[in-house]
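All ligand and atom numbering here is 1-based and tracks the order in the structure. Scope of the values below: all heavy atoms of this structure, side chains included, with no hydrogens, waters or symmetry mates.
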Amino acid sequence: MKHPGISIAGTTVEAGQRTTVDLPAASLYSYAPMAIPVRVVCGKHPGPTLFACAAVHGDEINGVEIIRRLLRLPVLRQLRGTLLAIPIVNVYGFIHRSRYLPDRRDLNRSFPGSARGSMAARLAYLFVTEIVEKSDCGIDIHSGAIHRENLPHIRANLDDPKTTALAHAFNVPVLLNADVRDGSLRQQAVERGIPMILYEAGEALRFDERAARAGVKGVVSILRELEMLPAGRWQRRERQPVIARSSTWVRAPESGILTAAAPLGARLHKDDVAGIITDPFGQEESEVRSHVSGVVIGRTNLPLVNEGEALFHVATFESPKTAERVIEAFQTDPLPPEPDAGQVPPLV
Ligand SMILES: [Zn+2]
């Protein structure tokens, strides 16, 4: 059977073709046209449609690199079904190295949007109608916000079996059960019955090599799980991920300079000291104590903190000891070899 082709923004992509389609977005006030570029990889044979997107928050660029590497993989020549790769969703924020849109709205709080709404609402609406509604499942790649770093993990609704299967297939050490946020892309996908997972890894405006390799590997594993790619070496599960049912932030008890901060992957018992806040003279010191037991999966990298600021994102696990071990193994393993991208397949 032949792939029937797919139509995105008025462009039909036929079986076996790959092409870039521009979703037309509001032009810049300089008169320059703007578009969300979508790489459409159409397999020769029919199968599911998966979207993989990044930079919904314009400064979270790790996912841009993950999608770039993904698209260079020769294995995509064997694709069944359709891959819609959108490396930069918030094109305006990306240009300005900003999380937000020029109207200072957060795109990931603006879904499903509307054709006549705010700038963010229009962009959200375009993405939902042209990408989400044409997909069977999706992956959205994020990182910590500016000056914040996340341990590579998957956020998903782990009460849904299909979503859980995708989360496990991604093969990173931590899965975090997370409720959907109002106005988020994930909420829209879920409401349409489209299983979607979120990959969180690294820091805004930075590339993280370990997170990037784990991310490329994760997307390929999902393509294999969906039988869009033949089973391969990568499908072997190296280790079972650990599952966090909830997470919480440890906040700064007062303003000052944060020192001796717990690193990503650190295990904290309740009342453990996760860092010390001091003044520039070193005269006064106060301890930042964790109010829960768990493992640090996110933290601030900026040591200048205000009272009440979120410092450590602590996930709670049934067995924190196992979680610590699994995470440490992930962090200290030699980097997995990068698959040889070889020649980029020619345009058809
Ligand atoms: Zn984000």
(request) Could you please spell out the steps behind the side-chain contact (heavy atoms from CB on, under 4.5 Å) verdict for Glu209 and Leu335? (result) CA-CA 8 Å; Glu209 187 59 30; Leu335 281 177; 3.8 Å; yes

(message) For a distance under 2.8 Å, tell me if Glu200 has an N/O/S atom near the Zn ion (ligand 1).
(response) no

(message) Below 30° counts as parallel, above 60° as perpendicular, anything between as tilted: where do the rings of Tyr199 and Phe170 land?
(response) tilted

(request) Have a look at His142 and say which of its N, O or S atoms is nearest the Zn ion (ligand 1). (result) ND1

(message) Quick test of your reading of the model: are Lys162 and Asp160 salt-bridged, counting only N-O distances below 4.0 Å?
(response) no

(request) Check Glu60 and report its N/O/S atom nearest to the Zn ion (ligand 1), by atom name. (result) OE1

(request) Among the N/O/S atoms of His57, select the one at the shortest distance from the Zn ion (ligand 1) and name it. (result) ND1

(request) Side-chain contact test, heavy atoms from C-beta onward, threshold under 4.5 Å: evaluate it for Thr82 versus His3 and give yes or no. (result) yes

